[in-house]
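All remarks here apply to the structure that follows.
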Protein chains: 2
Amino acid sequence: MSSTEKPVARRTRARPARKAPAQRPGPVGGKRDRNRQERTRALIDAGLALFLERGIDSVTVDDIAKKAGTAKGNFYRYVEDKRDLVDAILAPVRDDVFAAMQACDRETDAAREVTALNAAYLKLAMRLLEAYRTHPDVVRLYLQEARAPGGDARAPLADFEQKLTEHTVALTTRAHEHGLLKKIPPMVSALAVIGAVERLLLAHLRDQAFDNEAEAVASLVRMVMEGIV
Amino acid sequence: MSSTEKPVARRTRARPARKAPAQRPGPVGGKRDRNRQERTRALIDAGLALFLERGIDSVTVDDIAKKAGTAKGNFYRYVEDKRDLVDAILAPVRDDVFAAMQACDRETDAAREVTALNAAYLKLAMRLLEAYRTHPDVVRLYLQEARAPGGDARAPLADFEQKLTEHTVALTTRAHEHGLLKKIPPMVSALAVIGAVERLLLAHLRDQAFDNEAEAVASLVRMVMEGIV
DNA sequence: CGTTAATGTGACTTCGAGGTCATGCTTTCT
DNA sequence: AGAAAGCATGACCTCGAAGTCACATTAACG
């Protein structure tokens, strides 16, 4: 944020310039800047497409670079490694989701009546739906790869799953304490809903499984309302 | 089944004996036979343990052989490759589950009243529970690895997921036709239940998530009954 | 326009995993 | 016992992926 230095520290042949420098060269809207963003996008898109199709571990850095239309060496100028790329792919969704959940936390804290609580939960659902609509492929990657351990490229996804689950359980616990739910352990109802939603999303994203999308959503809502609320 | 040959065709230095012969040497309870079974068990157990801990693709054949207390070359005497080992690990569960579902199919075919139908479904649930109790680790491997594509070692798990889903949807459709369920598309209710059950099982197997197991099961049943039945 | 440094390239190095094989050991059968 | 064949071993070979680097190209800035 704070500009402690000139755009670039001019030193005569010092670093071999291995990694891209933290501070980009001068012009903010300049060609360099634009190229950088294009390359980053290309790498993220190529990686996401290949990961979805063939699985994270089966995809090589060469594959990604080629599909992004660049050379392998350049890949390492933009990301540390495959794990870092997965992290970059996941980042926007993760940020959206956490922001939505924290906002929901604040609203339920401030709420004094049941209607305010319900409004907060509804708003959360809307924001999550929005994130899903904006980044369906990222959600699919998460659904497909988050559960398998090992190969640290998947670590960002596993972390996200863990945090997401914890937060959801906490939220459910709170709803439970306010008497909004049936006498079912919050852990159980939270996991059941997460599992059901995730499985339906996966079927939708992988197989276009539902003729009537709206009916499917309505059915899901009905099942949840009658099953746990 | 039929013994067309003597235990082994004696030829003077013919095959280099690369793979284990289909027909084992003579004694059925002999030392050879016992050793074979021990090795197979050791490999399956070692593979399963390592796969669970580090993920299928991160585990090498060397790792498995070492953990099973044998040499790498020997690994290939017992299985084709990692995929084949995964298949061997999954086999018992798959057989149990398919047998149970086919039995359920037959019983629902023969059923003339609702009570008989309900009995068939209950029996299926009991048999699935039994399979889970007998092979919890295999179930966990399935839950962790089935969704991710690529790396053909996981293909047996993906196949199983697909068949299992299809069969469950068919079963649900039938129940729906008999008027046992709410007006919810069978695809939706089937996937929702599968997803919820799988997520709860995973939490149980990975994290010992439930203080009171019986209460968790009762809650799940209640949610399903009130949510979709 | 010329200099400087960031950016792009792909051949190269390194390393580890899959799979093979010559050799020696064990079981079986006569 | 002794031969025959399955069984076990780990060094070895091969291949492909990760990551590096010297050099070429391009943008920035005077």
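A note on names: the letters A, B, ... follow the listed sequences, proteins ahead of strands, and every chain is numbered from 1.
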- Integer-rounded Å distance: D/dG16 P and A/Asp62 CG: 12 Å

- Please evaluate the base of D/dG6 for a donor-acceptor partner in the side chain of B/Arg77 within a cut-off of under 3.5 Å? no

- Item | Worked verdict on B/Thr60 versus B/Ile64 for side chain to side chain contact (heavy atoms under 4.5 Å, CB included) | CA-CA 7 Å; B/Thr60 72; B/Ile64 300 170; over 6 Å; no

- Message: Tell me whether B/Arg206 is salt-bridged to A/Glu161, with the criterion being a basic N under 4.0 Å from an acidic carboxylate O.
- Response: yes

- Tell me which nucleotide among C/dG19, C/dT27, D/dG19 gets nearest to the side chain of B/Asn35. C/dT27

- Query: Any side-chain N or O of B/Lys31 less than 4.0 Å from the OP1 or OP2 oxygen of C/dT27?
  - Reply: yes

- Message: Between B/Tyr142 and B/Tyr132 (judged by ring centroids, cut-off 6.0 Å), do the two rings come close enough to count as a pair?
- Response: no

- A/Ile64 CD1 - D/dA18 P separation (whole Å): 8 Å

- Task: For a side-chain contact (heavy atoms from CB on, under 4.5 Å) with B/Pro156, tell me which candidate from B/Asp87, B/Ile89, B/Asp84 qualifies.
- Result: B/Asp87

- Message: Looking at C/dT27, I'd like to know if its phosphate oxygens (OP1 or OP2) sit under 4.0 Å from a side-chain N or O belonging to B/Arg34.
- Response: no

- Query: Has A/Tyr78 got a side-chain N or O lying under 4.0 Å from the OP1 or OP2 atom of C/dG8?
  - Reply: yes

- Just compare C/dT20, D/dA18, D/dA8 and give me whichever is closest to any side-chain atom of A/Thr60. D/dA18

- Message: Measuring from the side chain of B/Asn74 (C-beta onward, heavy atoms only), which nucleotide among D/dT9, C/dG10, C/dA5 has the closest atom?
- Response: D/dT9

- Task: Identify which nucleotide among D/dA28, D/dG10, C/dG19 has an atom closest to any side-chain atom of B/Asp81, counting heavy atoms from C-beta outward.
- Result: C/dG19

- Any donor-acceptor pair under 3.5 Å joining the side chain of A/Lys72 to the base of D/dG19? yes

- To the nearest Å, give me how far apart OH (A/Tyr76) and C1' (C/dT7) are. 17 Å

- Query: Judged by atom type as modelled, is there a donor-acceptor pair below 3.5 Å linking the side chain of A/Arg154 to the main-chain atoms of A/Ala146?
  - Reply: no

- Any side-chain N or O of A/Arg39 less than 4.0 Å from the OP1 or OP2 oxygen of C/dG8? yes

- How many Å lie between CZ on A/Arg32 and P on D/dT26, as a whole number? 11 Å

- Task: Round to the nearest Å and state the distance from A/Asp57 atom CG to C/dA17 atom P.
- Result: 13 Å

- Query: Would you say D/dT9 has OP1 or OP2 under 4.0 Å from some side-chain N or O of B/Thr70?
  - Reply: yes

- Item | side-chain N/O A/Arg36 vs C/dT7 OP1/OP2, d < 4.0 Å | yes

